[in-house]
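Heavy-atom basis, side chains included; hydrogens, waters and symmetry copies ignored. Since the structure is predicted, the reported quantities are computational estimates derived from the model, not experimental observations.
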Amino acid sequence: MKDTNKVAAELFDKIRSRFEDVTLGDHSAKSTSSPEEARFFNFDYNVNDSNYGNITISLADDNSLKVYYSRNISQSMSPEDRPKWYEFLKSLRYFAKRNLLMFDTRDISRSEERRVGKECSEP
């Protein structure tokens, strides 16, 4: 893997070229203005003036790039915008691969549902 600071700066450039208002967090999730120190990248996924929800990309684990999103993105997305979402994920996967990182996506609403379902089914 490349130097994490360099990967973080490249990832910021990639995200910032497509989305506005990217918020950066350092290794301890404290706000930072330095792309090199960033390990968390938070922004709204907007396509054609439609906001599909919040995305967080993490480089906190030095060996992987993780994308966290809510179900809103995959369920409420228009059929015209859906290919753009998958193309975005594909470009992030290639970015991770180029930098010798593992790639992982997480639907945060699914894990929440599973936890709620377990709580409800227990006596």
Side-chain angles (χ1 to χ4, degrees):
M1 182 184 89
K2 292 182 183 176
D3 174 40
T4 305
N5 291 348
K6 188 173 181 178
V7 172
E10 289 175 13
L11 181 59
F12 174 75
D13 290 341
K14 180 176 185 57
I15 296 168
R16 185 70 172 111
S17 69
R18 184 160 173 201
F19 301 100
E20 295 181 12
D21 300 325
V22 179
T23 305
L24 306 175
D26 65 11
H27 206 299
S28 55
K30 292 181 183 173
S31 183
T32 184
S33 59
S34 170
E36 293 84 12
E37 294 175 7
R39 298 300 176 264
F40 296 96
F41 305 80
N42 192 284
F43 56 96
D44 286 336
Y45 186 81
N46 296 307
V47 178
N48 301 328
D49 297 324
S50 295
N51 185 334
Y52 290 110
N54 193 265
I55 304 284
T56 299
I57 299 176
S58 170
L59 287 174
D61 176 2
D62 291 334
N63 298 320
S64 67
L65 184 146
K66 295 179 182 175
V67 180
Y68 298 93
Y69 62 94
S70 68
R71 181 180 320 167
N72 228 14
I73 288 178
S74 55
Q75 282 191 340
S76 67
M77 192 170 287
S78 71
E80 302 85 38
D81 292 341
R82 193 164 285 146
K84 294 174 185 165
W85 166 243
Y86 292 118
E87 186 62 36
F88 174 66
L89 289 177
K90 185 177 178 181
S91 73
L92 289 176
R93 184 172 61 93
Y94 286 145
F95 177 86
K97 193 174 189 179
R98 226 180 18 252
N99 288 287
L100 305 175
L101 297 168
M102 293 177 10
F103 179 73
D104 188 18
T105 60
R106 307 256 173 130
D107 179 345
I108 57 173
S109 50
R110 282 191 183 170
S111 61
E112 189 66 29
E113 273 183 9
R114 287 184 193 142
R115 187 174 32 203
V116 170
K118 285 182 181 178
E119 290 171 0
C120 292
S121 65
E122 292 177 5

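Tyr86 is connected to Ile57 through a chain of hydrophobic side-chain contacts under 4.5 Å among Ile, Leu, Val, Met, Phe, Trp and Tyr, so both are in one cluster.
Remark: side-chain polar atoms of Asn51 are paired, donor with acceptor, to backbone N or O of Gly53 under 3.5 angstrom.
For Tyr68, the side chain to side chain donor-acceptor pair (under 3.5 Å) test picks out no residue, with sequence neighbours left out.
The distance from the CD atom of Glu36 to the NZ atom of Lys6 is 11.5 Å, given to the nearest 0.5 Å. In this structure, Asn63 CG and Asp104 CG are separated by 12.5 Å, a value rounded to the nearest 0.5 Å. With rounding to the nearest 0.5 angstrom, the CG atom of Asp3 is 10.0 Å from the CG atom of Asp62. Remark: Lys84 NZ to Ser50 OG distance equals 9.5 Å, nearest 0.5 Å.
Ring geometry, Phe43 versus Phe88: the interplanar angle exceeds 60°, so the pair is classed perpendicular (tilted spans 30 to 60°).
For Phe19 and Tyr45, the ring centers sit closer than 6.0 Å to each other. Two rings, from Tyr52 and Trp85, have their centers 6.0 Å or more apart.
Here the side chains of Ile108 and Tyr69 are not in contact, with every heavy-atom distance at 4.5 Å or above. Contact of the Val22 side chain with the Leu24 side chain is registered, since non-hydrogen atoms from C-beta on lie closer than 4.5 Å. With a 4.5 Å cut-off on side-chain heavy atoms, Arg39 and Thr32 do not count as touching. Between Arg93 and Lys90, some side-chain heavy-atom pair lies under the 4.5 Å cut-off. Considering only heavy atoms from C-beta on, Leu59 stays 4.5 Å or farther from Phe40 through its side chain. Proximity of Glu37 to Asn5: side-chain heavy atoms (C-beta onward) are nowhere separated by under 4.5 Å. Side-chain atoms of Asp44 and Asp21, non-hydrogen and from C-beta on, never get closer than 4.5 Å to each other.
Side-chain polar atoms of Thr56 and Asn42 form a donor-acceptor pair below 3.5 angstrom. Side-chain atoms of Ser28 and Asp26 form a donor-acceptor pair, as typed in the model, at a separation below 3.5 Å. Side-chain atoms of Arg18 and Asn46 form no donor-acceptor pair, as typed in the model, at a separation below 3.5 Å.
Nearest approach of Met77 to Arg82, heavy atoms of both residues: O-NH2, 3.1 Å. Heavy-atom minimum distance, His27 versus Ala60: NE2-O, 3.4 Å. Taking all atoms of both residues into account, the shortest heavy-atom contact from Ile73 to Asn54 is CD1-O, 4.3 Å. Residues Phe103 and Leu89 share a closest heavy-atom pair of CZ-O, 3.7 Å. Of all heavy-atom pairs between Ala8 and Pro35, the closest is CB-O, 3.3 Å. When all heavy atoms of Leu65 and Ala96 are compared, the closest pair comes out as CB-CB, 4.1 Å.
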